[in-house]
Amino acid sequence: MMIPTHQKGKNKAQDFDDLDPVITYRHILQTNLGIKDPLRVVALCDSDAFYAACEMVRLGVTDKPLVVLQWEGIIAVNYPARKFGISRFHKLKDAKERCPELMIVHVATYKEGDAEPGYWDNVDSRTHKVSLDYYRRESSKVFSMFKEGLPDAEIEKASIDEAFIDFTKPVRQALLQRYPYLSQIPADAPNGVDTPLPPPPLIDWGTDSHLIPIYSNADSESTDEETSQSAPLTWHDIALRLAAEMMHKVRVDIATQLGYTTSAGIARNKFLAKLCASYRKPYSQTILRNQAIPCYLKPLEFQKIRFLGGKLGQALAKEYDVSTVADLLPVPLEEFQAKFGESAIWVYEILRGIDRSEVKEKSPVNKSMLAAKALQKPITKIDDGPHWIRVLAAELSLRLNDARKERPNLWPKTLALHAGHGYGTARSKQAPFPFTKEVTVNVIAAAGGKLWKELVGNVTGTIKVTYISLGFTGIEATDASQQSIASFLDSPAVTGVKRPNEEKNGKPSKSRHRNTQRVRSRPSSPSADQNTTSFTCLECHKTLSLSPKLLSTSDVLGQAYALAAMKDEHSDFHFAESVAREMEPEVKEVRGPHKKVKTPKIQEKEIGPRGIEKFFNRT
DNA sequence: CATTTCGTCAAT
DNA sequence: ATTGACCA
């Protein structure tokens, strides 16, 4: 296919050549067109000054200037305070001078031993850690309202205060309902289902949305609305309008019921929706018609585009010594490909208003959960680590157990510890996290403490750590088989509490299983030996071989071994074994030459080019 | 221009 | 398993 822009500078009109595609009955009748759908409509909706709005709701404040403080820094400024010229980068003192009646709210904090975070007037970064949990909870209320208000839309949580919403499906439904003749291919249609749709009706753009202007109106007296309404309507414009109505309704509901104002951008794809969402703020929404894309995009600094704000955008700016989208339009695709490889097509298309990325519905549960602390005074002694690890562990415990109130079957697969000083200097250790139902501060702190030793243990002398974080990764809702094993592993015997009825013959007693369910039928024939995974008990050298059928459970068993290793108790091994045996009775017991022990115990690792001694600066 | 505390994904 | 890029 010929791309006309290969000739430098010439074919500007054809840089944006897909703004008014022919839409046929096939397009409107066919579902699952995905990103190729010429009637695709995507919105980006984000909360205005979200943290500040959360505090206003919490404190019952309306309209008063307010900032949210995190230690000495302002992290959120509500719109009334912005009227005084206050921004996130001002010092608190400057902000107070600009607005003496400014309300100042410090984010919730807690210290070691606190049951939960709280709001305090006097906070001390040397002893306390920030908790952003209140904002997470409020955020999930907002997302619930998106879901309830837009049951047919795909919704992708993009951050704590932002969601992409794919309106294509609900808009299609509304289109066919409002204009039923679209579903009837006329008898005299020349090309049947491939006949273009009749011209769209005239519509009122309404008053709930702003419109991005279609012509540069710098020296024009007409308003944005006039210049944007002047272009002839397309069916895509009708689709945008229908989405705007739905978006507006949900936004009003959220503002009324939760007290959070939002702003939204509505366009044909994700990156354009994100861009135009901030066209007017707060509490407004903006429609970007296809015809308005060129004049909106060309003067734009390309580093403001999502994913061009980092290294790639810098590389582009440096390579061509330019800053706007229009500056890059003459660059042929081949040149991008030579210089930017994989990203070339994506960049080339983005510059032309094309974005193939899909709105991907995400699990309501985050895949990771981390607690982090920046220390203004560095840790210098290895023994100082465990204190902060306990603080971080307490938060993780609180948050995980809170999440489990909604979803009891949530399990974190690994625990990771990061530590470092300054930028780009972090090191980390991670290990499988023990599979227990009782995720207590002690369990997390013990596992975290092990990681800490692994990370800094072989440094002799002084360390320097200004940043430390502890987090779960691989958080998932387990299936029933894992739940049954988990509840077994949480039985008192496994968790270390002695119980009256110990098992006989290595087999657990019935009573221990009254809360577990049998979920897997036996495989009809056992698998061959070469496909099994073996575990050997360090103490008695008994080896357990698991068939591939138990792939998922062997994963769980791995966690059981982690627990055993952590507690230095070999008895857990045998409990794990008996569970496996019960679930798959042909699990083999092997005696004889000991195979290599497979445990999740962290192996001592060779220090790489950026050695640990170099990394943790001696002082 | 920036801090801190998040979170996701990909390369190796 | 570890590191880093990027987002807000």
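In what follows, every heavy atom counts, from backbone to side chain, and hydrogens, waters and symmetry copies are set aside. Just so we're on the same page: letters track the sequence lines, and every chain starts at 1.
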Using only side-chain N and O atoms of A:Lys429, determine if any of them is under 4.0 Å from OP1 or OP2 of C:dA1.
no
OP1 or OP2 of C:dA5 less than 4.0 angstrom from a side-chain nitrogen or oxygen of A:Lys311, does that happen here?
yes
Looking just at side-chain N and O atoms, do A:Glu138 and A:Tyr51 make a donor-acceptor pair shorter than 3.5 Å?
no
Within the 4.0 Å heavy-atom criterion, would you say A:Lys274 contacts the bases, only the backbone, or no part of the nucleic acid?
sugar-phosphate
Which is true for A:Glu162 with a 4.0 Å heavy-atom rule: it touches a base, it touches only sugar-phosphate, or it touches nothing?
sugar-phosphate
Please compare A:Tyr51 and A:Phe89 by the position of their nearest nucleotide in DNA chain B and report the one closer to 5'.
A:Phe89
Answer with base, sugar-phosphate or nothing: what part of the nucleic acid does A:Ala158 contact at a heavy-atom distance below 4.0 Å?
nothing
Between A:Trp120 and A:His128, does the ring centroid distance fall short of 6.0 Å?
no
Any A:Arg399 side-chain N or O less than 4.0 Å from OP1/OP2 of B:dG7
yes
Report the residue (A:Lys360 or A:Leu392) whose heavy-atom-nearest nucleotide on DNA chain B is the more 5′ of the two.
A:Leu392
Side-chain N,O (A:Ser159) to OP1/OP2 (C:dC7) below 4.0 Å
no
For a quick check of understanding: with a heavy-atom distance under 4.0 Å over all strands, which category does A:Gln314 fall into, base, sugar-phosphate or nothing?
nothing
Taking 4.0 Å as the cut-off, does a side-chain nitrogen or oxygen of A:Arg136 come that near to OP1 or OP2 on B:dT5?
no
What class does the angle between the rings of A:Phe340 and A:Tyr320 fall in, given that below 30° is parallel, 30 to 60° is tilted and above 60° is perpendicular?
tilted
Short side-chain N/O contact to B:dT3 OP1/OP2 from A:Lys373, under 4.0 Å
no
